[in-house]
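First the structure, in the form of C-alpha cells, and then the observations on it.
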Amino acid sequence: MRYSVLFLAVFLCFQSAYAKDNLANIRKQISQQNQSVKQAAEEKKKIAQKLEQAQEELEKQQSAVRQINLRYSAVKSEHTRLKAKSRKLEKKHAELVKTIKAANRYLVSSGEYDMLEAVIMSDSAKDAAAMSQIVGEVNQKLFKSVQELKKTSEEIKENAAELEAKKKKMERAVEEKRSALSEYKKKKQTTDKLYQSAVKDEKVRREYLARLLKREKQLQAQLSKIKKDFAKSAPVSFKGLSSEFGRQRGKLIWPVHGHVIEKFGVKTVEGFKGVILKKGIKIVPSSNSVKAVYDGVVIHRDNAWGLGNFLIVAHPSGFYSLYANMDGISVSKNEKVKTGQNLGTIDVDHETNTPYLYFEIRIHDKAVDPLEWLASS
C-alpha cells in the first residue's frame, strides 16, 4: 500500500508537471484567443461601418448619374428638336428665296439678297407706274420676309451650336460620373471583400476558441479519470530487480542515442512574458530504439496531448523515469523491465517534424536534471 500511495503522489506530480502545464497553456491560449476574437469582432464592426459608408456613397453616385442622364436626355431631345426646326426653316427659306427670284428677278450676290424692281413695259405710263408701285410694295414685303427668315435661321444655328457644345459638355460630365461610379463600385467591392474576410476571420477564431475550450474540458476529464484509476492501483513490486538506482548518478545509460536540443531548467520564450521551467530534456535520436535507463516496473502507459505516446517506469527507492513523444510502445503496464531493455520506438525518418524523445527523472515528486544522472557521452 505504501508503494501505491507513493506512486499516486508521483504520478500526480507528473500530471501536475504536464497536464496542468498543458491546462495552463490552454487557458493562456483561451485568454489570448478571447482577446483575439474581440479584436476580430471590432475589426469586423469597423469594416462594416466602412462598407455602409461605401454603400451610401455608391447610392449617391448612382443617383447623381441618374440625374445627369435625365438632363443629358433632355439636352439631346432639345438638340434634336432644334435641329429639325432649323432644317425646316432653312427649307422654307430656300423655297421662299426661289419663289422671290422667279417672280421678281432677284440676283444673288455674295450671299446677300438685293431687291431689283422689274421694269414693266406697258402702253400706258399710268398703268406702268401703278404696276411698278405694286411690284415694289410686294418686293419690299418679300424682302423683309426673307431677311426675317435669314435672321431666324442664324439664331437657330447659333442655338444649335450652343446646344451642341452643351451636349458635348454633358457627355463629358456623364463619362466622368460613370467613371466615378465605377471607382465607387470597385471601392465598395473591395470593402465588401474585406468585410467577408473579417467575418471569416472572426468565425475561424471563434471555432479555434471552441476547440480550445473543448480540449480544456477533455483534459480535465482525463485528469479526473487518471486520478480515479490510480487510486485503485495495486502496490508495485520490485522483487528480482536492482535497488541501487540512487547510486547511479552520472552512470545511467541514455534512453536513446542522439543529441540534446532542449535542456532541463528555466527557459525564456520569445513573445512570452515570464519564464518556463523545463522539467526534462529533449533528445533528437540517431537510432529509433528507446531503452530503459535502469531496472524498474512500467506503472503507466498512455497517450496525452503534449506528451504523445508516453510511459512511466518506477524504480526502487522512489525514483521514476518518464519517456514521452514515442511512436510506439512495446511494453505493457505492470511489466518489469531491465536496464537497456527496449521500451518502444521513435521514427527518425519524419519529414515534416523533428523527432525527439522527451525524458525526465524524478525523485518522489521532484524533477531533477537528467544530464546529471546520465553517463557522459
Side-chain angles (χ1 to χ4, degrees), residues 53-192:
Q53 291 173 356
Q55 182 63 35
E56 290 176 357
E57 290 173 352
L58 181 60
E59 289 174 358
K60 287 180 182 178
Q61 291 298 318
Q62 288 173 333
S63 176
V65 169
R66 285 194 295 270
Q67 292 297 322
I68 203 168
N69 278 333
L70 289 174
R71 288 163 54 196
Y72 179 53
S73 297
V75 168
K76 287 198 297 183
S77 298
E78 181 66 11
H79 181 267
T80 302
R81 186 186 69 78
L82 286 174
K83 286 188 73 173
K85 183 178 179 181
S86 179
R87 286 193 297 270
K88 185 177 180 182
L89 287 173
E90 286 172 353
K91 183 179 179 182
K92 184 178 179 181
H93 178 277
E95 289 174 352
L96 184 56
V97 170
K98 185 178 179 181
T99 301
I100 292 172
K101 283 182 178 180
N104 300 285
R105 299 177 184 177
Y106 276 93
L107 298 176
V108 178
S109 177
S110 301
E112 296 293 332
Y113 299 105
D114 298 321
M115 186 177 71
L116 179 64
E117 293 186 1
V119 177
I120 301 174
M121 301 301 294
S122 177
D123 293 336
S124 172
K126 185 177 181 180
D127 289 341
M131 288 292 290
S132 177
Q133 184 179 358
I134 291 171
V135 170
E137 289 176 357
V138 171
N139 282 339
Q140 286 179 2
K141 289 181 179 179
L142 288 173
F143 186 75
K144 185 178 181 180
S145 296
V146 169
Q147 292 296 100
E148 288 177 354
L149 281 171
K150 181 181 178 183
K151 183 180 180 181
T152 304
S153 179
E154 289 174 350
E155 289 177 353
I156 289 171
K157 286 180 180 179
E158 289 177 1
N159 288 339
E162 184 180 346
L163 282 169
E164 183 70 24
K166 186 181 289 186
K167 177 186 173 185
K168 290 181 179 180
K169 185 178 180 181
M170 290 294 292
E171 286 175 346
R172 287 196 298 269
V174 168
E175 185 60 32
E176 289 173 0
K177 281 295 180 184
R178 285 177 179 169
S179 178
L181 180 61
S182 177
E183 289 300 317
Y184 275 103
K185 283 183 178 178
K186 289 179 182 177
K187 180 180 178 181
K188 198 256 183 183
Q189 289 172 352
T190 301
T191 308
D192 187 58

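When a residue number appears, it is its place in the shown sequence, counting from 1. Quick note: numbers below take in every heavy atom, side chains included, and nothing from hydrogens, waters or symmetry partners.
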Please check: side-chain N/O of Thr190 versus main-chain N/O of Lys186, any donor-acceptor pairing under 3.5 Å? yes
How long is the gap from CD on Gln53 to CD on Glu57, to the nearest 0.5 Å? 6.5 Å
Please list, chain by chain and in numerical order, all residues satisfying salt bridge (charged side-chain N to carboxylate O under 4.0 Å, His left out) with Arg178, sequence neighbours excluded. none
Taking salt bridge (charged side-chain N to carboxylate O under 4.0 Å, His left out) as the test, write out the residues that go with Lys168, two or more places apart. none
Can you list the residues that meet the side-chain contact (heavy atoms from CB on, under 4.5 Å) rule with Gln62, with sequence neighbours excluded? Leu58, Glu59, Arg66, Leu181, Lys185
Residues in side-chain contact (heavy atoms from CB on, under 4.5 Å) contact with Lys60, at least two apart in sequence or another chain: none
Going by the rule side-chain hydrogen bond (donor to acceptor under 3.5 Å, both in side chains), which residues pair with Arg81 if we only count those two or more places apart in sequence or in a different chain? Glu78
Run the side-chain hydrogen bond (donor to acceptor under 3.5 Å, both in side chains) test against Glu56 and tell me which residues pass, sequence neighbours left out. none
